[in-house]
Enquirer: 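Got a structure here, written out as structure tokens. Questions coming.
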Amino acid sequence: MKIATFNINGVKARINALTDWLTESAPDVALLQEIKSVDEGFPREMIEDLGYTVETHGQKGFNGVAILSKLPLEDITRGLPGDDDDEQARWIEATVIGDTDAVRVCGLYLPNGNPAPGPKYDYKLAWMERLHARAEALLADEMPALMAGDYNIIPQPEDAKRPEAWTDDALFRPESRAAFRKILNLGFTEAFRARTFGPGHYSFWDYQAGAWNKDDGIRIDHFLLSPQCADMLQECWIEKEVRGREKPSDHVPVWVDLKA
DNA sequence: ATGCCTCGCTATGCGAGA
């Protein structure tokens, strides 16, 4: 079972890039972030024509997440529990029925949080506390589960080309990284770092200042696997080449291949 | 130092992104 997460930065602006990618790379499941579309505006037919079931959790103008799947989906839920007043569309989950195992798959778009400190940073940290609670509940279910998406967290200095440039940024501040570690420490495996050591691996390059040409990137898109899911991990990789294509997103897809 | 780009908005510059 090949699952990819991809912050596409606007589904309408990216529809050709998205359908080309789905056709060529053919994930079984794709978790999308920043669709920037309401559910009714999502170009679902073009994606259904490629053999995918489409489940969206959209919002006007900003945010928005989706699950695309060639495999059957069950028990789809939308929204991260813990705050009924939160209207930002950043969380969707479903059970994917694989050939041998079912996997609970959660797609997330964690708040950016800048400028920090400030109300947006407070929202980021509060959202991460809710994520921690959901993560605990997923572990208690003891079924294979993963949480993947744009975490807006640079876990370690080696995950940035220029870590010194991010010192005071919401993506790299100690409180952000501690909140991320606190979730990992529940017992999750960060799939990429389970397979690959060392610097120079990024999933985001800013559109500005020639960041892509300078390979001035950061690694902020992650897969967190429950113990039962980590046992299924075969590979995890970053599809870097996508960033060099026509009219790209500023993020690239990150993948896992699970024995399921 | 700031902004550099890109997106969506019922726009014609702005907020948000990271």
Side-chain angles (χ1 to χ4, degrees), chain A residues 5-21 31-44 56-66 86-91 107-128 131 148-177 179-180 201-222 238 240 242-254:
Chain A
T5 178
F6 191 4
N7 180 323
I8 56 171
N9 187 19
V11 69
K12 296 181 188 73
R14 216 67 60 205
I15 187 60
N16 290 329
L18 177 61
T19 53
D20 286 352
W21 173 71
L31 307 173
L32 304 182
Q33 301 91 39
E34 281 206 269
I35 62 174
K36 297 186 178 180
S37 169
V38 293
D39 295 334
E40 311 81 69
F42 193 90
R44 63 166 50 242
T56 62
H57 182 38
Q59 176 182 349
K60 185 168 140 184
F62 308 101
N63 306 326
V65 290
D86 186 0
E87 296 180 349
Q88 299 194 31
R90 298 178 174 277
W91 180 269
L108 67 97
Y109 176 45
L110 205 148
N112 174 302
N114 281 304
K120 290 189 174 181
Y121 193 56
D122 295 340
Y123 174 67
K124 178 178 193 153
L125 295 178
W127 202 93
M128 293 187 81
L131 178 59
D150 177 358
Y151 276 77
N152 272 316
I153 296 282
I154 302 166
Q156 298 288 348
E158 66 179 357
D159 296 312
K161 174 82 162 201
R162 296 181 301 120
E164 69 280 3
W166 298 92
T167 305
D168 297 321
D169 194 281
L171 279 64
F172 194 58
R173 287 173 63 97
E175 305 96 310
S176 306
R177 296 166 57 203
F180 183 71
H201 303 284
Y202 311 124
S203 65
F204 169 91
W205 296 259
D206 201 295
Y207 289 120
Q208 304 182 62
W212 168 243
N213 289 329
K214 292 186 282 193
D215 196 25
D216 182 6
I218 51 178
R219 196 176 68 86
I220 57 176
D221 299 87
H222 309 300
I238 298 171
K240 182 177 183 178
V242 170
R243 186 62 175 81
R245 294 186 185 175
E246 187 97 6
K247 209 171 184 311
S249 171
D250 38 10
H251 296 248
V252 298
V254 181

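First the proteins, then the strands, lettered A, B, ... as listed; each starts at 1. As the structure is a prediction and not an experimental result, all values here were calculated from the model.
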Enquirer: Among B:dT6, B:dA18, B:dT10, which is the nearest nucleotide to the side chain of A:Arg14?
Expert: B:dT6

Enquirer: What is the distance, rounded to the nearest whole Å, between atom OH of A:Tyr151 and atom P of B:dA18?
Expert: 15 Å

Enquirer: Assess, by modelled atom type and distance only, whether the side chains of A:Asn112 and A:Lys124 contain a donor and an acceptor separated by less than 3.5 Å.
Expert: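 A:Asn112 vs A:Lys124: no donor-acceptor pair found between side chains.
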
Enquirer: Taking B:dT2 as the reference, what is the distance to B:dG13 when you measure between their P atoms (whole Å, please)?
Expert: 24 Å

Enquirer: I'd like the C1' distance from B:dA16 over to B:dG3, given in whole Å.
Expert: 15 Å

Enquirer: DNA chain B: A:Arg90 or A:Gly61, which has the more 5' nearest nucleotide?
Expert: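 Here A:Gly61 is the residue nearer the 5' end.
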
Enquirer: If you go through the side-chain atoms of A:Asn152, does one of them form a donor-acceptor pair with the base of B:dA18 closer than 3.5 Å?
Expert: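 No, the side chain and the base share no sub-3.5 Å donor-acceptor pair.
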
Enquirer: Expressed as a whole number of angstroms, how long is the span from A:Asp169:CG to B:dA16:C1'?
Expert: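 Those two atoms, CG and C1', are 14 Å apart.
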
Enquirer: Whole Å only: how far is the CG atom of A:Asp206 from the P atom of B:dT6?
Expert: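 After rounding, the reported distance stands at 10 Å.
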
Enquirer: Which value, in whole Å, describes the distance between the P atoms of nucleotides B:dC14 and B:dA1?
Expert: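 Pairwise P distance, B:dC14 against B:dA1, rounds to 24 Å.
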
Enquirer: When the distance from CH2 of A:Trp205 to C1' of B:dG17 is rounded to whole Å, what number comes out?
Expert: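 Whole-Å distance recorded here is 17 Å.
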
Enquirer: Is the closest side-chain donor-acceptor distance between A:Asp150 and A:Gln33 under 3.5 Å?
Expert: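 Judged by distance alone, the side chains do not pair up.
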
Enquirer: A:Ser37 or A:Leu110: which one's nearest nucleotide on DNA chain B is closer to the 5' end?
Expert: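 Per heavy-atom nearest nucleotide, the more 5' residue is A:Ser37.
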
Enquirer: Taking atom CD as the centre, does A:Glu164 end up with more than 12 heavy-atom neighbours from other residues, nucleotides or ligands that are less than 6.0 angstrom away?
Expert: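 More than 12 heavy atoms, drawn from other residues, nucleotides or ligands, come within 6.0 Å of this atom.
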
Enquirer: Ignoring hydrogens and geometry, is there a side-chain-to-backbone donor-acceptor pair from A:Asp20 to A:Ala17 under 3.5 Å?
Expert: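 No; judged by distance alone, with no hydrogens or angles, the pair does not exist.
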
Enquirer: Return the value, rounded to whole Å, for the distance between atom CG of A:Asn63 and atom P of B:dA18.
Expert: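 About 9 Å, once rounded to whole Å.
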
Enquirer: Using atom CD of A:Gln33 as one end and atom P of B:dC7 as the other, report the distance to the nearest whole Å.
Expert: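 For the pair A:Gln33 CD and B:dC7 P, the rounded distance is 17 Å.
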
Enquirer: Rounded to whole angstrom, note down the P distance from B:dT6 over to B:dT10.
Expert: 23 Å

Enquirer: Could you tell me whether the side chains of A:Asp216 and A:Trp205 share a donor-acceptor contact shorter than 3.5 Å?
Expert: no

